[in-house]
Amino acid sequence: MLPVGTDLSRGVLLVNMPFANAKCPSLALGILHALLQQNRIPVRSAYGNLHFLEQYSEKVGGLSRLIQYLFLFGETLCHHAFFPEKPTIQNVAFKLSLTYKESPDLQKAFEQVQVYADEFITEYASEIVAISPAVVGCTSLLLQHLPAVLLLKKIKEANPNIITLIGGAGLDSEMGIANHRQFSWLDYVVSGDGDAVIVPLCRELIEHGFLRNDNIPNGVLTPQHRQIGYPTITPRAFFEDLDSLPFPNYDDYFDTLRHSSVLSRSIRPSLIYESSRGCAWGQTGGCHFCGLSGKTHRYRVKKPEKVLADFEAMTKKYGIKSFEMTDNMMPPEYEKSLLPKLIEKGSPYELFYEIRPNTKKTFFQTMRQAGVMGLQPGIESFSTPLLKLMNKGIVSWQAVQCLKWCRQYGFWTSWHLMWNFPEEKPEWYQSMTDLVPHLMHLQPPGGLNKMNYCRFSPFFQKYKELIPLEPDADIRLAYDFDDFDTDLSYRFNRANDFPSGIWQLALSEIHVGELSQFIIYWQNVFKKGILPELFGTKQENGHDTGVLRICDTRPAVVKIAAGNIVLVRMQKSQKEYLLNETEAAMLYFCDDAPLETVFEEHWGEQGKRFLKQYETAHIIEKLDGRLVSLVLCDPVSPIPPAKDLPFGTVS
């Protein structure tokens with residue numbers, strides 16, 4: 001199963017454990033692999049996540065479906081290996097993690113995968129020990145942290161001379177110290193940007209077998225720290241010049257796919273790449289619920305020429321033109337630099353990017369022309385007071401306008417709404433409940449997600465002293481230490497709050513219940529492949545009845561009184577509106593969400609009569625003093641089918 005052809009007895013084996021995303025290679029390993037290779041340090045990358053799928057996906061029905069039911073799937077699977085003397089947590093984990101009714105077939109599958117995971121990690125460790133690399137380094141993200149830690153434990157027990165190394169987002173700052181303190185078999189833990197330290201670290205380890213005290217890179221925790229004590233200021237490695245990085249080396253990922261008949265026919269891969277690191281908005285305060293940038297919010301951007309050169313080289317090498325970008329947001333300056341250059345080249349690549357919701361219409365047009373097919377706009381809410389509480393830097397009308405432009409220009413749009421914020425008010429969600437039914441001609445959110453207090457986020461820093469916070473229930477189940485160190489946890493919830501896995505079971509009893517039901521209806525309609533319409537078509541036949549025809553098939557909201565309970569239902573509806581030349585001009589005037597005062601100054605009493613009619617019909621929404629036309633105007637670009645998206649697929 002392991003890559004062959006390189007003598008690693010004086011080199012480095014990088015490992016990506018289950019249950020990392022199999023649809024694309026690991027960006028972290030790709031960059032580290034390329035840097036080590038560039039500096040002539042023997043290196044190979046082992047994709048344990050692919051090897052596990054190859055062995056067990058056909059034995060366990062619906063493995064990918066099972067993973068989505070557990071937030072910390074890999075951590076839960078490894079629980080019994082760390083705590084064999086404690087009762088199994090399978091049933092408890094399922095009761096906490098199933099989003100709907102408990103499923104016997106899924107529970108049986110979970111039990112099967114638990115056995116297979118332990119078997120796989122034991123065998124994988126034996127294979128690694130057999131090739132005797134000088135250093136084994138694991139990358140760690142959600143779903144794979146304890147599998148990686150357990151692998152390194154088994155390797156260290158079998159051969160203490162193999163040096164163990166681990167890094168990743170879950171080891172940032174104090175989390176890195178907590179893991180290093182808790183797991184004695186982890187020789188070296190990297191906190192922060194691994195590409196800043198990987199070359200001098202591995203060179204020293206291969207040459208001497210240890211790091212000298214006077215030669216420890218910032219951000220690296222060593223065995224010596226267990227004796228001399230840990231730094232009072234938590235260390236974090238930082239890499240500044242992204243343009244100096246080689247493009248990621250994904251050779252071993254694609255070799256693994258090619259040599260597996262199972263994987264080659266079930267995985268359509270994509271490439272993963274970063275054109276920036278950190279968050280430009282985060283540098284100025286950022287979203288208060290977000291902790292993704294860790295303690296370092298410094299924003300770094302690659303030059304367009306570097307991005308284009310890497311795209312060209314990677315496409316030539318791997319034969320793939322789909323790139324899933326990991327940027328927290330597309331650099332705003334790319335509207336005038338990178339995107340026009342891509343258009344000049346004929347838009348040869350398919351791209352996915354995250355963007356800020358206050359992105360302008362012209363930016364959407366340019367992105368689509370340049371080959372961007374998928375977007376993740378950070379919308380999170382349609383309530384202005386809630387958006388201000390989050391410090392999103394936008395208000396309601398901008399969130400709605402963003403979603404409209406995404407649909408107008410044919411982007412696959414990945415977004416979600418959030419709830420459970422400190423000091424939130426029920427009426428904020430009621431305003432969204434009133435609005436959402438009128439947006440159902442646009443792409444629905446992925447869900448209504450519960451907000452967690454993430455370490456490093458402003459919310460966590462502010463409220464950890466004001467309200468009782470405790471590690472998320474899923475984390476506490478997996479990390480079942482008697483002397484549990486809260487610094488192991490990234491996610492926190494209010495004490496006695498709904499566990500992350502079962503909050504949906506209680507939605508009907510809390511203030512977001514009705515909003516949740518509308519979202520589920522919206523999602524189900526979208527899954528059927530035919531969204532409702534709110535579509536404007538110019539009349540070309542010269543009829544006197546109108547110059548713009550609006551077809552509105554959005555469902556109507558029907559409320560039925562049943563005793564003291566009001567039942568909400570959606571039912572099919574179809575309406576048409578014919579606008580004359582002046583009315584059409586007024587509607588187009590609202591396409592860019594003008595201030596209501598500006599509109600009325602321009603159109604006078606005639607405009608007021610127009611607004612009264614079309615606000616009542618929810619053709620135009622008044623939000624934050626703005627007039628937002630919800631109409632999609634011909635031509636509307638189709639949403640690309642899933643098979644064409646730059647995400648990769650696993651069948």
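Just so you know, residue 1 is the first one in the sequence shown, and it goes up from there.
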Can you list everything that forms a side chain to side chain contact (heavy atoms under 4.5 Å, CB included) with [X]? Sequence neighbours excluded, please.
X	result
Ser45	Leu14, Leu29, His33, Tyr47, Asp252
Asn179	His145, Leu171, Phe183, Leu488
His259	Asp255

Between Trp412 and Pro641, is any pair of side-chain heavy atoms under 4.5 Å apart? no
Do Lys317 and Asp310 pass the salt bridge (Lys or Arg N to Asp or Glu O under 4.0 Å) test, and can you show the C-alpha distance, the side-chain angles, and the key distance before you say yes or no? CA-CA 10 Å; Lys317 186 173 187 181; Asp310 284 355; over 6 Å; no
Measure the [atom1]-[atom2] distance between [X] and [Y] for me, rounded to the nearest 0.5 Å.
X	Y	atom1	atom2	value
Asn493	Met451	CG	CE	8.5 Å
Tyr273	Leu27	OH	CG	9.5 Å
Cys279	Asp327	SG	CG	10.5 Å
Phe289	Asn449	CZ	CG	10.5 Å
Gln38	Arg40	CD	CZ	10.5 Å

List for me each residue that meets ring pair (Phe, Tyr, Trp, His ring centres under 6.0 Å) alongside Tyr453, sequence neighbours excluded, and say none if there are none. none
Around Lys321, counting heavy atoms of other residues, nucleotides and ligands shown, do more than 12 lie under 6.0 Å from its NZ? no
Return the minimal non-hydrogen interatomic distance between Tyr253 and Cys24, and the atom names on each side. OH-N, 3.4 Å
Evaluate Lys302 against Tyr334 for side-chain hydrogen bond (donor to acceptor under 3.5 Å, both in side chains), listing each step before the verdict. CA-CA 10 Å; Lys302 289 180 181 177; Tyr334 280 3; over 6 Å; no
Quick check, are the ring centers of Phe352 and Phe323 under 6.0 angstrom apart? no
Under 3.5 Å donor-acceptor, [X] side chain and [Y] backbone:
X	Y	value
Ser637	Gly410	no
Arg300	Asp243	no
Arg10	Ile206	yes

Tyr188 and side-chain contact (heavy atoms from CB on, under 4.5 Å): which partner among Leu221, Ile166, Leu205? Leu205
Against the six-membered ring of Tyr299, is Arg277 placed for a cation-pi contact (under 6.0 Å from the centre, within 45° of the normal)? no
Compute whether any side-chain donor of one residue and acceptor of the other, for Thr649 and Lys23, lie under 3.5 angstrom apart. no
Looking only at the side chains, is there a donor atom on one of Gln37 and Asn249 sitting less than 3.5 Å from an acceptor on the other? yes
Which residues share a side-chain hydrogen bond (donor to acceptor under 3.5 Å, both in side chains) with Ser414, sequence neighbours left out: none
Could you pull out all residues at least two apart from Tyr409 that satisfy side-chain hydrogen bond (donor to acceptor under 3.5 Å, both in side chains)? Gln365
